[in-house]
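All chains are named by letter (A, B, ...) in the order of the sequence lines, taking the proteins before the strands, and each is independently numbered beginning at 1.
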Number of protein chains: 2
Amino acid sequence: MRSAAVEQTVHPTEAIDSSLPPRQRILIAARDLFYRFGIQGVGVETIAETAGTNKMTLYRHFESKELLVAEYLSGLAAEGERFWDDLDRQYPGDALAQINAWMDEICNQKSRWRDGGCALVNAAIQISDPDHPGRRVIEQTKRKHRERLTALCLASGLSEPQMLADQLFLLVEGSRVFQRSLGPDGCACDLRALFARILASHEPLAVAAP
Amino acid sequence: MRSAAVEQTVHPTEAIDSSLPPRQRILIAARDLFYRFGIQGVGVETIAETAGTNKMTLYRHFESKELLVAEYLSGLAAEGERFWDDLDRQYPGDALAQINAWMDEICNQKSRWRDGGCALVNAAIQISDPDHPGRRVIEQTKRKHRERLTALCLASGLSEPQMLADQLFLLVEGSRVFQRSLGPDGCACDLRALFARILASHEPLAVAAP
DNA sequence: CAATAATGTTACCGTACGGTACCGTTTGTA
DNA sequence: TACAAACGGTACCGTACGGTAACATTATTG
């Protein structure tokens with residue numbers, strides 16, 4: 001990343017709360033910058049400066065850039081986990097409601113995810129080294145998310161639950177990555193309609209045409 | 001990319017036909033290396049050496065790395081276009097057969113695409129600069145592929161063709177990117193079964209349970 | 001206050017990269 | 001054979017990056 005790219009950006013990385021401990025500020029900065037400019041597109045120096053500190057302090061908290069990346073990804077994983085847990089807490093025992101809430105959350109992306117795709121997927125593509133410590137995090141997290149959705153579908157009483165889960169899961173993965181391919185102005189597909197259609201086609205009682 | 005990474009790779013980039021003109025060899029090398037190690041993960045020097053030439057000759061044929069990347073992407077786009085054209089030539093007028101052949105091709109990935117996801121998607125994620133000359137190629141190509149699939153679905157006589165197309169398209173995008181998130185050993189979903197299920201649910205005559 | 005830990009500052013090292021200048025060598029072709 | 005175009009080789013420039021050393025400064029805490 002040319003340091004110029006930081007300055008000219010529309011979101012100049014709104015100042016990070018300077019009362020936070022440096023380590024946390026660094027993670028916040030890393031999260032923002034890695035997501036916007038890519039892992040290889042951001043240098044540690046830029047991260048430190050964005051965090052209101054310097055490279056030395058960064059290296060006192062993180063052994064290497066690789067491990068900083070791994071912790072960045074772990075943070076995303078934890079956030080995802082929290083999201084699923086909240087769903088379960090919000091609609092306990094009601095799998096279908098949880099699925100619907102999950103879909104709503106996906107459609108209202110702007111809040112939790114920005115329009116640059118799934119950060120874990122992006123990282124998976126930006127990290128070519130198979131031994132990178134972040135890869136484990138990505139693989140485990142993605143696997144777990146799929147399993148949680150599968151469990152919900154199984155509990156929902158809908159037909160062919162495994163297929164339903166895969167269909168929904170891949171649809172979301174595809175939708176987010178397609179958005180990224182089209183650029184910020186490219187209008188993607190109508191996810192809400194697709195969700196509804198898929199759910200309907202998995203209704204346990206076969207709904208025949210009138 | 002550490003040059004060590006090239007040596008230790010299992011596929012040491014099987015030698016490129018040295019009778020080809022340098023420009024073509026460079027594009028072949030670039031295609032292989034960009035795909036395996038990422039665009040930012042490969043230096044021009046490595047590309048030139050892999051192509052059996054040197055950096056100077058590379059810069060005699062390509063103004064900059066950016067433009068080399070753009071041409072790399074254009075090559076992928078052209079190949080995709082050829083694929084769709086071949087489909088139409090192979091099953092002229094039979095949209096459903098073309099759709100099925102497309103699905104087969106996707107499922108037999110290993111031939112045309114390797115197991116590292118769609119190169120265009122990967123590039124879209126690896127290129128953060130919105131003014132990169134490769135972005136136009138990516139956006140146009142992805143849009144066009146979606147349109148071609150939509151056209152086929154419209155001509156197929158299946159119900160709700162636009163939704164069907166989006167469902168299939170996003171499913172494929174998601175499947176390939178999910179594979180990348182899981183790593184080479186992670187078993188993905190059963191695409192064939194999902195395809196069949198989706199097609200069945202779009203049969204124009206409502207098929208009721210017996 | 002004293003002592004210790006955490007942070008800031010600056011300078012630096014080694015390496016890799018994108019890109020270019022210069023010159024020698026091959027190749028094709030009139 | 002002669003000449004021009006294309007190619008190979010090498011050295012180099014400027015910059016950026018990951019990472020470290022050494023020291024000054026501030027906070028904590030007893």
Side-chain angles (χ1 to χ4, degrees), chain A residues 1-8 15-30 33-34 37-72 126-129 131-134, chain B residues 1-8 15-30 33-34 37-72 126-129 131-134:
Chain A
M1 173 171 69
R2 324 288 178 277
S3 58
V6 189
E7 264 73 47
Q8 82 183 18
I16 297 173
D17 182 354
S18 58
S19 71
L20 267 49
R23 193 186 146 83
Q24 200 168 340
R25 296 203 314 260
I26 290 170
L27 282 172
I28 293 175
L33 294 172
F34 282 152
F37 303 107
I39 291 175
Q40 342 207 11
V42 182
V44 286
E45 186 132 33
T46 307
I47 296 175
E49 280 168 6
T50 305
T53 177
N54 54 44
K55 211 166 27 163
M56 265 320 296
T57 311
L58 188 151
Y59 276 104
R60 287 189 190 109
H61 288 282
F62 303 94
E63 279 187 32
S64 65
K65 186 184 180 182
E66 272 199 349
L67 290 180
L68 171 59
V69 169
E71 200 153 328
Y72 153 66
Q126 283 159 358
I127 297 174
S128 58
D129 178 8
D131 297 328
H132 192 292
Chain B
M1 171 174 67
R2 323 291 178 272
S3 59
V6 189
E7 265 72 49
Q8 80 183 21
I16 297 172
D17 183 354
S18 57
S19 71
L20 267 49
R23 190 174 203 285
Q24 202 168 338
R25 296 200 317 258
I26 290 170
L27 282 171
I28 293 175
L33 293 172
F34 282 153
F37 303 107
I39 291 175
Q40 341 207 11
V42 182
V44 285
E45 185 129 37
T46 306
I47 296 176
E49 280 169 7
T50 304
T53 177
N54 54 40
K55 212 165 29 163
M56 264 320 296
T57 308
L58 188 150
Y59 276 105
R60 286 191 192 104
H61 288 281
F62 303 94
E63 280 187 32
S64 64
K65 185 184 180 183
E66 272 198 349
L67 290 180
L68 170 59
V69 169
E71 200 152 327
Y72 153 66
Q126 284 160 358
I127 297 173
S128 58
D129 177 9
D131 297 329
H132 192 292

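Distance, A/Phe37 CZ to D/dA16 P: 16 Å, rounded to whole Å. Taking atom CD on B/Glu45 and atom P on D/dG9, their separation rounds to 12 Å, with Å as the unit. As a whole-Å value, the separation of A/Lys65 NZ from D/dG19 P is 8 Å. Residue B/Asn54 contributes atom CG, which lies 15 Å from atom P of C/dT20 at whole-angstrom precision. Between B/Leu58 atom CG and D/dA6 atom P the separation is 16 Å, expressed in whole Å. Distance A/His132 NE2 to D/dG18 P: 11 Å, rounded to the nearest Å. One can place CG of B/Leu68 at 15 Å from C1' of C/dC17, the figure rounded to the nearest angstrom. We find that CD of A/Gln40 is positioned 10 Å from P of D/dG18, with the value rounded to whole Å.
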Polar-atom pairs under 3.5 Å, protein N or O versus N or O of nucleotides 20-27 of chain D: list them with distances, or write none.
none

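Across all their heavy atoms, A/Phe37 and B/Ser128 have their closest contact at O-OG, 3.6 Å.
The side chain of A/Pro22 lies closest to C/dT7 when the candidates are C/dT7, D/dG8, C/dG19.
Counting any heavy atom pair closer than 4.0 Å across all strands shown, B/Arg25 reaches sugar-phosphate atoms only and no base atom.
With values rounded to the nearest 0.5 angstrom, A/Arg23 atom CZ is found 12.0 Å from A/Ile28 atom CD1. Separation of atoms CZ (A/Phe62) and CG (A/Leu27) is listed at 4.0 Å; rounding is to 0.5 Å. With values rounded to the nearest 0.5 angstrom, A/Ile127 atom CD1 is found 4.0 Å from A/His132 atom NE2. Atom CD1 of B/Ile47 is separated from atom CZ of B/Arg25 by 14.0 Å, given to the nearest 0.5 angstrom. In this structure, NE2 on A/His61 lies 10.5 Å from CE on A/Met56, to the nearest 0.5 angstrom.
Contact annotation: A/Thr53 side-chain N/O to C/dG8 OP1/OP2 distance is under 4.0 Å. Between B/His61 and D/dC7 there is a side-chain polar atom (N or O) within less than 4.0 angstrom of OP1 or OP2.
Of the two residues near DNA chain C, A/Pro21 and B/Ile39, the one whose nearest nucleotide lies more 5' is A/Pro21.
A donor-acceptor pair is defined here as one N or O able to donate and one able to accept, closer than 3.5 Å; no such pair exists between the side chain of B/Lys65 and the backbone of B/Gln40.
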